[in-house]
Amino acid sequence: MNQHTKLRIGHSACPHDCPSTCALDVELLDSRTIGRIHGAKGNSYTAGVVCAKVARYADRVHHPDRLLKPLIRSGAKGEGNWKEASWEAALDLVAEKFVAAEEKYGSETVWPYFYAGTMGLVQRDGIERLRHAKKYSGFFGSICTNLAWTGYVMGTGALRGSDPREMAKSDCVVIWGTNAVVTQVNVMTHAIKARKERGAKIVVIDIYENATMKQADMGLVLKPGTDAALACAVMHVLFREELADRAYLEKYTDDPKGLEAHLANKTPQWAADITGLSVEEIEAFARLIGTTRKTFFRLGYGFSRQRNGSVNMHAALSVAAVTGCWQYEGGGAFHSNSGVLKLNGELLEGTRFRDPNIRYLDHSRIGPVLMNHEDALYGGPPVTALLIQNTNPMNVAPEQRLVKRGFLRDDLFTCVHEQFMTDTAKVADVVLPATMFLEHDDIYKGGGNQHITLGPKLIDPPEGPRTNHYVIEELGKRLGVSHLPGFGMTERQHIDVMLQKKGLGDFDSFREERWADLQPDFDDAHFLKGFGHPDGKFRFKPQWDGGIAPNKPPKSMGIFGPYQSLPEFPDHVDLIEVADDEHPFRLATSPARNFLNSTFAETPVSKAKEVRPELLLHPEDATALRVADGDRVEVGNARGEVVLHAKLFDGIKRGVVIAEGIWPNSAHERGEGINVLTGADAPAPYGGAAVHDNKVWIRPAAADTAHTRL
């Protein structure tokens, strides 16, 4: 490009499963080629900042290993032998296999399976239209949000909160349960602004000294799954030292006197014994927030990764009610605005065709489902046909050995629509090449902020890849449902419908605006007109056995896990994998800075920066195990064992180990990844995936371990 040629800039939104959903400015070099990606300066939440992995997105779009042609398996499953096919032949085969499966077992034997590889509503959720039209098995999408969302809404009654941009107006920002530098960088944009302009303190609460904690004024490293103990002790101090806002409590909460009585013995010493924090740390934190009216609690998705996560989220949220910080600009709490960003997807998703008698299956439990565990199938037939879009369960789903055995069943037909040859694509029968977000039209909701943002097509894809929408439309034709409402429409037409029903114009007018700011007014966001429960009160006493939640399982699935053990008031409950003599360590599988779930693990810079799969291990634990920095260690439990390289790190409590990132299974010895060790049981009360909640043993790895196990 001539240096005097003005660079063309296109506008879009980041499609990935990150709460920031950044508004983007994209350098367009020609009709098929992009340069650097930048955060949009004009968007008040993105504020010109984007994470490094998205900034170099050209590495993904123009990657030489992108899938470009449909492939049909020609050898045994997983062997990697393929033959190229036309789109017509590949889709004909998929439809033929789905029809044959349905004829043998009924429609519920087919399970369309998807998640958040794109957060675009059209390309992500259109698969539901095919599901409902064909009466295929329902999909209860639980893996990411459920524990956190449930705990939050049990308190507030609604999935919204203080404007996240108010962090910049706060005097104390508490970042709890999220490594924001790694997973949602814009949180740090606003928190750092508050520090620079107001002298605000930043408090970070997590299970290890991660990149976010390194930027904190106060960092609290606690043991995994003990957040509620910390919250209870903090509230104990607030009541004890008359730092609780009793007038606010009386007006806005359900039972403040009962809470205070319950907390009488939840002392800092009690919590110190549970959390591993010192009494001094707990009391200093309590006094800081108790004397700082404008305290903003930014509560993250780490709460969704522990079996007691709903209780922990609710307890942490309760602290904000005790201080009364909701009353002030720059105060209150925030987890997600997903409750206020709703668009009408009835036509897109075909919800009018939904049959309430069709069973649902829990997507976090794909291993037990594919292995025909009776409790996972809900009385229906085995799953013998899968259509997978936007997710990589062979890598990211818990209890990987079950998942792998299930996918290798001879009687299972799997079609995977993907951008790369992922671990899941490798075990498929048909692999279809998919477009990337800049190559198709879509619209996005930012749960971590307050914007709906358009993502129009900016470049042409390489020859070969087709959109998710195309696949659903073509299968609809072959499976006899294309005449139904919602089929036969383009992506833009679906976007038009959703925008018009929201009163936001249409695709063309919205393209000029780029985004819409739907933040509720101050009183609504801060619940000053009352919380979302019928009585308008914040609930210290949640209804765990059937109360409201944003993603409550269908009645046919019931309530999950040992919900009877969930506490009446905020409290610590050991519904976690507590370390024992045989498994003396607690393992968390925390996010890596340069990956996003299993995405970006194929790009060269991300791989180079992450180096290799490693296990963060406290030096004193390493000494006891006779392990040196860089040594290979075997980590295991009843589900299996994997080999990692030890990385000595003193920013964790003894007995806690961290494996950052989801590396491809092939990056590990034996071809087995970290999710071999995570459990697929459904946590109370409404399910999820407790992938940070694992008890394990550790030992030096034997010399000869380079073999694959099932």
Side-chain angles (χ1 to χ4, degrees), residues 10-26 34 37-40 42-47 49-51 53-55 57 60-61 114-128 141 144-145 159-160 164 183-186 301 336-345 348-349 389-391 419 434-459 467-469 490-502 504-519 596-597 599:
H11 307 298
S12 189
C14 180
H16 290 288
D17 189 11
C18 160
S20 289
T21 316
C22 293
L24 305 178
D25 292 336
V26 183
I34 67 167
I37 289 183
H38 308 273
N43 183 285
S44 58
Y45 185 75
T46 301
V49 177
V50 71
C51 67
K53 51 187 174 281
V54 171
Y57 213 87
R60 290 198 85 240
V61 173
F114 73 107
Y115 206 55
T118 178
M119 295 294 281
L121 302 187
V122 177
Q123 306 297 344
R124 184 189 68 189
D125 298 341
I127 194 172
E128 295 281 35
C144 182
T145 63
L159 190 57
R160 65 176 190 269
T183 61
Q184 40 186 318
V185 66
N186 310 87
Y301 283 95
S336 173
N337 256 341
S338 295
V340 302
L341 298 178
K342 293 179 180 177
L343 290 172
N344 189 321
L348 172 69
E349 299 176 35
Q389 292 183 322
N390 310 322
T391 189
Q419 298 163 347
T435 52
M436 294 194 184
F437 79 104
L438 298 171
E439 300 164 349
H440 54 238
D441 293 318
D442 218 328
I443 193 164
Y444 303 87
K445 301 186 299 182
N449 56 73
Q450 54 286 308
H451 291 104
I452 291 175
T453 308
L454 192 68
K457 178 182 176 182
L458 297 181
I459 57 172
T467 68
N468 290 1
H469 180 73
T490 66
E491 286 100 328
R492 292 192 179 193
Q493 288 172 330
H494 276 293
I495 293 169
D496 280 345
V497 169
M498 288 187 284
L499 289 174
Q500 288 164 359
K501 288 186 175 181
K502 193 73 171 178
L504 295 173
D506 58 18
F507 183 96
D508 291 330
S509 65
F510 205 72
R511 187 166 191 165
E512 295 299 314
E513 299 294 330
R514 299 179 59 187
W515 54 71
D517 183 347
L518 300 185
Q519 178 65 35
L596 201 164
N597 300 319
T599 305

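Partners of Ala47 according to the side-chain contact (heavy atoms from CB on, under 4.5 Å) rule, which considers only residues two or more places apart in sequence or in another chain, are Thr189. Applying the side-chain hydrogen bond (donor to acceptor under 3.5 Å, both in side chains) rule to His494 yields no partners; only residues at least two apart in sequence or on another chain are considered. With sequence neighbours left out, Phe437 forms a ring-ring contact (aromatic ring centres under 6.0 Å, His included) with Tyr57. Gln493 is linked by a side-chain contact (heavy atoms from CB on, under 4.5 Å) to Met489, Thr490, counting only residues two or more places apart in sequence or in another chain. Thr145 meets the side-chain hydrogen bond (donor to acceptor under 3.5 Å, both in side chains) test with no other residue; sequence neighbours excluded. Legend: residues meeting salt bridge (charged side-chain N to carboxylate O under 4.0 Å, His left out) with Asp517, ordered by chain and number and at least two apart, are Arg165. The side-chain hydrogen bond (donor to acceptor under 3.5 Å, both in side chains) test applied to Asp506 returns Ser509, not counting sequence neighbours. Applying the salt bridge (charged side-chain N to carboxylate O under 4.0 Å, His left out) criterion to Glu491, with sequence neighbours excluded, gives no partner residue. Gln184 is linked by a side-chain hydrogen bond (donor to acceptor under 3.5 Å, both in side chains) to Thr178, Arg298, counting only residues two or more places apart in sequence or in another chain. In terms of the salt bridge (charged side-chain N to carboxylate O under 4.0 Å, His left out) criterion, Asp496 has no residue partners (sequence neighbours excluded). Every residue was checked against the salt bridge (charged side-chain N to carboxylate O under 4.0 Å, His left out) condition with Glu349, not counting sequence neighbours, and none meets it. Checked against ring-ring contact (aromatic ring centres under 6.0 Å, His included), His11 has no partners two or more places apart in sequence or in another chain.
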